[in-house]
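Written below as structure tokens is the structure these notes are about.
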Protein chains: 2
Amino acid sequence: MRERLHARGLRWTPQRRALVTVLSRTHGHVTGAVLVERCREQDPSTTPSTVYRTLEVLEELGIVRHGHGPDGRQQYHVLPDAEHGHLHCRACGGAWEISADEAASIVAALESGRGFAVDLSHVTIVGRCRDCR
Amino acid sequence: MRERLHARGLRWTPQRRALVTVLSRTHGHVTGAVLVERCREQDPSTTPSTVYRTLEVLEELGIVRHGHGPDGRQQYHVLPDAEHGHLHCRACGGAWEISADEAASIVAALESGRGFAVDLSHVTIVGRCRDCR
DNA sequence: GATGTTGCTGCAATACGTTGCAATAACGAC
DNA sequence: GTCGTTATTGCAACGTATTGCAGCAACATC
Ligand SMILES: [Mn+2]
Ligand SMILES: [Mn+2]
Ligand SMILES: [Zn+2]
Ligand SMILES: [Zn+2]
């Protein structure tokens, strides 16, 4: 991490170290607010603005990615095995991942039809799951 | 409007009348915050909570639909001619609509593969447009 | 180890939205 | 028109996220 930051003229600070530690212990998806809270557990003096700004930096480095839940709140995930989108059932609150394969249809359609490059990590689709219909 | 509400045991209040008036003059997409602002122009005593709660009611009635911009903020649109999704370029801020046809691929894939019913109005896809690549 | 540069932090203010609760008022019934 | 029921409002507090700015500190250089 330290080297990745330095390579871009950025700095390795205690606050960043704390967030990276928190992230390394995180699996699956987390909201930004939860990450702030977990950093506070480590260091109660943690400020939200610093956490959110650090998350932006880490996203630029490709360490994390974010999307938004059905309510628009940020959801982060760390170093996913494979890029994927997100599926949420409005009725039961269930959440699933959309694989690149599954999304290939729309990604290809927008690519060839409009020359548009889709950010699959940021895609969230909301609706009703089989059980809730 | 009055009858649609009464049919469900709901009430036709001045505050709802004001929002409906504002909406009737609205074309395309608007953020929730802008709607609050426009209601305030008509009646400065307007409260955000009332506006947002009324928007929920109107959405249940099918009068409006909402999605979220790339930043997660709410975007409403009134009685669209056809249901559609939303496409945003992260670089230039450009926005386009995704027709039902264009989205048919993914909607069908999730439907047949998982029995999932997609809410296309709520779909927002972010990435880079042809010009910005 | 001291010094200068400049990226980062913390603070305070702001924006957007939601929620609990007590008071209000729309509505139907008489 | 009056009255009772209960949906709705307005308020205050809270949750989530972003931004400008002044002071601080990580880093490279010597
Ligand atoms: Mn939503
Ligand atoms: Mn986003
Ligand atoms: Zn469900
Ligand atoms: Zn663009």
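Keep in mind it's a predicted model, so treat the numbers as computed, not measured. The chains referred to below are lettered A, B, ... by the order of the sequence lines, with proteins before strands, and numbering in each begins at 1.
Within the 4.0 angstrom heavy-atom criterion, no nucleotide atom of any strand lies near B:R8.
Every pair passing side-chain hydrogen bond (donor to acceptor under 3.5 Å, both in side chains) that includes a residue from residues 124-133 of chain B is listed here, sequence neighbours excluded: A:E111-B:R133. Counting only residues at least two apart or in different chains, side-chain hydrogen bond (donor to acceptor under 3.5 Å, both in side chains) contacts with residues 3-13 of chain B comprise B:T13-B:Q15.
Atom CG of B:L55 is separated from atom P of D:dT8 by 14 Å (rounded to the nearest Å). Distance B:R17 CZ to D:dT9 C1': 15 Å, rounded to the nearest Å. Between the CD atom of A:E60 and the P atom of C:dG7 there is a distance of 14 Å, rounded to whole Å. D:dT9 atom C1' lies 14 Å from atom CZ of B:R40, rounded to whole Å. For B:R2 and D:dT8, the CZ to P distance is 13 Å, given to the nearest whole Å.
Between A:H86 and A:H68, the distance separating the two ring centers is not shorter than 6.0 angstrom. Between A:H88 and A:H29, the gap from one ring centroid to the other reaches at least 6.0 Å.
Relative orientation of the B:H66 and B:Y76 rings is tilted, given thresholds of 30° and 60° on the angle between their planes.
Distance check: A:L5 CG to A:L58 CG gives 7.5 Å after rounding to the nearest 0.5 Å.
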> What one-letter contact string describes nucleotides 8-18 of chain C from 5' to 3', where B marks a base within less than 4.0 Å of any protein heavy atom, S marks contact via sugar-phosphate atoms alone, and - marks no contact?
Replying inline: SBBB----SSB
